[in-house]
Amino acid sequence: MIEVRYERGVHLPRQDLWLDPRDARRFAFVSHAHSDHIAPHKEIVVSERTARLMQSRLPGSRTEYILPFGEKRTVRGVDLMLLPAGHIFGSAQCFLFAGNETLLYTGDFKLRPGRSAEPAEWRKADTLIMETTFGLSRYRFPPTEQVINQIIAFCQETIDDGGVPVLLGYSLGKAQEILCSLDGAGLTPMLHGSVYRMTRIYEQFGQSFCKYLRYNPNDVFGKVLICPPSANHSHMLEKIARKRVAMISGWAVDPNAIYRYQVDAAFALSDHADYNDLLRYVEFVQPRRVLTLHGFAASFARDLRERGTEAWALSEENQMEFTLPQIPARPSVATSDAGRCTEEGCASTSEFLAFANVGEAIAATPAKLEKIRLLADYLRGLTREHLRIATPYFTGKAFAQSDPRTLHAGWAVIFRAMQAATKVSDEEFHRIASSHGDAGKTAFEVLDGRTTPQPFSISETGELFENLHRARGPIAKAELLRNRFSRLSAREGQYIVKILTGDLRIGLREGLVEEAIAKAFGVPVEQVKEANMLLGDIGQTALLASRNELDRAELSIFRPIKCMLATPEPTAEAVWERFTEVAGTDRELASSASATVYLEDKFDGIRAQLHRSTQQVEIFSRDLRRITGQFPEVVDQACNFQEELIIDGEIIAFEKGRALTFFDLQKRLGRRSDGADLFARAAADVPVAFVIFDLLWLNGRSLLKTPLHQRRRYLSSVQLPPHFQIARVMPAHSAAEIEQTFQQARQRLNEGLMIKDPGSFYLPGNRGMFWFKLKKELATLDVVVVGAEFGHGKRNNVLSDYTFAVRDETTGKLSPIGKAYSGLTDAEIAELTEHFKQNTIEDHGRYREVKPDVILEVAFNSIQPSPRHASGLALRFPRIKAIRRDKNVDSIDTLQYARELAAQRASSSASLP
DNA sequence: TGTGCCTGCCC
DNA sequence: ATTCTGC
DNA sequence: GCAGAATGGGCAGGCACA
């Protein structure tokens, strides 16, 4: 890390560069021209505007290195670049390059767009040295427009009363900002001499202002005086009998500001970033280390550390420019009626509690339409910003679907955080957890009465999830959560946990959320669904719907399209029936002798959608995640297509003309895609092929509403680079043909068969009646249940999850081989629950070892070696076919038989048709 | 440095 | 992935 | 028929800890 020291200014010893030193130095960067930042240095790095202002305030000769914004320069052997800081006219940040390392020094800055300062810009940097003047959470400024309106109203009222409004602000920067703010308000500003001089310099750089006057003591009535704070109680002002004085400063947020400044009013218009913007800035810059300066430097650094970012105060200088009385902690909801709040802009009740209550109401009704109505009412009442943030929460997601950020906060982290927040004992916690079998309910009971609730705004929920994402490691994440849980009501905690676990479990998912959006804003649900698919962001979709701008979401290349899915069917006859049963309705191909369906082998790989233009290639997974980086050699070859296209298909492990197993392919999934050596590694192991089975976009034209047979025709004319194949289409006209082709596909060791309607459009995200899949179990095993476990959610009171075993002939013992729940009806589960409760050998709480007397017939798609179970084998897609009441534990299948099945599978590999 | 646990994401 | 259930 | 809920195996990566 770049070495940083502090001695009345930041010093970088390696570069021998000082940043805003208070004392005269040989070589210094001067961020802006406020008088506490300028000193008679020998050589300075400055922006052009700051240089000009500095000359006016501190005459004398020195060497100036004047740098334009955004251009990298070398000065005295140091590589650096200036970026606008948004603080005042000409204010700059210094971005420094030192080998592979970067450092960003903000100087004074703000993110809110000012009217007289260049808007701030930033770059990612390893070290961020930032000013934290307002680094305390109470300093959150109300919207600028609102403050300006208050200032204008203050001036107007004073003039109407026959008085003179006086606005106090620093002569450089703040005064000009005030001047700009009054533009168009019908007021005539009159400037104090020092303000006037600075304003003239601004004008020389081309900044224009509304009409203003220089101070004239005989002409003040009906004008707005703009003076520096030092002019308060000065001779000049004392002469004005009827006046009202307002301080314009970020410190106005403090409720007692008017007493401290001895003014009639105070308005929070600041040239510094407020607390929220300080946090945002850290997020923008994504530094590995933050060093804080000025104001609440130590406190803010502590806050950052709590959020998982390494941060330290550079100086232990006085925490404030003014001595502030301690403000008592905000009263909690628990002890006061509604979470009273003294800060401006703070809601009187907790916004997130309102969210949670809506969730509870939705959970309480089983009727879909009622759920939709409840949600629609809630969404309609949200501000646009809150709509954007909170809508994804109803789908159980903290971020938009297309947002690749993850939280890495699962049950273990939540558990640790709740326990730390409530000091609940281990036993008590486990008692509560096992009584619910539901993370959310557990959270409610654990937190209830053990926290000090404070209002939690929707914006703060957004910050919480962002911080959680940014925090590195389970310990930091748990600490972040603990901190929040301790300030949440139990209900809010429950819903935070629900979102963290990705599942609200209130009987409402994305589909109903889309319907609610449509209902809330009176737009067609189809349009909402389409926009959501294209945007991959239900919050953004809701926002567009609220503005009636859904049509702005357009299908385009490089925006992933939801996959069309297939409905499973057990037999060829069942599939064929699907195509014939609708005869006479609108499916023209069906029932006639010429009825045709398209058959394709079902490959066992991962679904992939590849977008290719002349400039770019992207690959997306079934869940629309970007997996481009996982398959560099595919991307490489995709450049060699002649067309711009979007293709749908399956990436399979493939070597020497033969398909390998999914197991092989999986080794290439989940790899970090930004590793420099990935290409070499990926190319070195499992090779892959892209089997194309659909074409969704060709040379600028969407083919979604083109029938499959036509899409296939276009596809067949596309020239394929290496690594790409087209899945063969086999027409069929009967159930028998389907069955025959299915058997052939199985012989080729592919998973099964896809059966598609040649006339169908591509229906994104639809598991409709146009595509079917035919898969059959590899085999079934008769096994005996040796363990039973309580389920979750609505299954939390039944033993629904069974561990089962085969017999090892060599030892005669039972050898566990898998677990399954799916396949039994609720009634059967209830029956088995009773049975196992009465036949428990050992009770381990949620898990029970049971007497091995229930025989299940278990189906599965493959079997392979695995350390997961004691048998050394594991099943893929295990499901219960039947309870074999006719069998007993002596007639179950053997481990040896299971091993044979596994060996058969391993000895051969699949092939293309 | 190796191992185990947790999480996310494939099926 | 698979399967069942309620609307 | 659809949407929701509850459940399976297994991989890579990242962290914590020995």
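Numbered from 1 within each chain, the chains take letters A, B, ... in sequence-line order.
- Between D:dG10 and A:Gln864, a contact under 4.0 Å exists linking OP1 or OP2 to a side-chain N or O.
- Nearest-nucleotide mapping onto DNA chain D: of A:Arg509 and A:Gly670, the residue sitting toward the 5' end is A:Arg509.
- With rounding to whole Å, A:Glu569 atom CD is found 12 Å from C:dT2 atom P.
- For A:Tyr821, the listed nucleotide lying nearest its side chain is D:dA6; candidates were D:dA12, D:dA6, D:dC15.
- Of the candidates D:dA12, D:dA16, B:dC10, the closest approach to any side-chain atom of A:Arg671 belongs to D:dA12.
- Atom CG of A:Leu407 and atom P of B:dC6 are 18 Å apart (whole Å).
- In this entry the distance linking CG of A:Leu669 with P of D:dC11 reads 11 Å, nearest Å.
- In terms of phosphate contacts, A:Ser822 brings no side-chain nitrogen or oxygen within less than 4.0 Å of OP1 or OP2 of D:dG8.
- Closest to the side chain of A:Thr825, from the set D:dC11, C:dT5, D:dA16, is C:dT5.
- Closest contact between the side chain of A:Arg795 and the listed nucleotides D:dA6, D:dA16, C:dT2 involves D:dA6.
- When distances are taken from the side chain of A:Lys368 to each of B:dC11, D:dG10, D:dC2, the shortest belongs to D:dC2.
- In this structure, A:Arg505 places its CZ atom 8 Å from C1' of D:dA6, rounding to the nearest Å.
- Using a 4.0 Å cut-off between charged side-chain N and carboxylate O, A:Glu857 and A:Lys881 make no salt bridge.
- Checked against D:dG10, D:dG8, B:dT7, the side chain of A:Pro878 finds its nearest nucleotide in D:dG8.
- Here B:dC10 is the nucleotide among B:dC10, D:dG9, C:dT2 with the atom lying nearest to any side-chain atom of A:Arg625.
- Among the nucleotides D:dG8, D:dG1, D:dG4, the one closest to the side chain of A:Arg578 is D:dG1.
- Residue A:Thr406 places no side-chain N or O under 4.0 Å from the OP1 or OP2 atom of B:dT7.
- Rounding to whole angstrom units, CD1 of residue A:Ile627 and P of B:dG8 are separated by 19 Å.
- Here A:Glu789 pairs with A:Lys819 in a salt bridge; the nearest charged N to carboxylate O distance falls below 4.0 Å.
- Counting non-hydrogen atoms of neighbouring residues, nucleotides and ligands closer than 6.0 angstrom, the NZ atom of A:Lys519 reaches no more than 12 such neighbours.
- For A:Asp503, counting side-chain heavy atoms from C-beta on, the closest listed nucleotide (D:dA5, D:dG10, B:dC11) is D:dA5.
- Checking the phosphate oxygens (OP1, OP2) of D:dG10, no side-chain nitrogen or oxygen of A:Arg876 falls inside 4.0 Å.
- Look at A:Arg625 and A:Asp623 and you find no salt bridge, because none of the NZ, NE, NH1 or NH2 atoms lies under 4.0 Å from a carboxylate O.
- Contact annotation: A:Lys794 does not reach the phosphate of D:dA5 (side-chain N/O to OP1 or OP2, under 4.0 Å).
- Remark: A:His408 is not in phosphate contact with D:dG13, judged by side-chain N or O atoms under 4.0 Å from OP1 or OP2.
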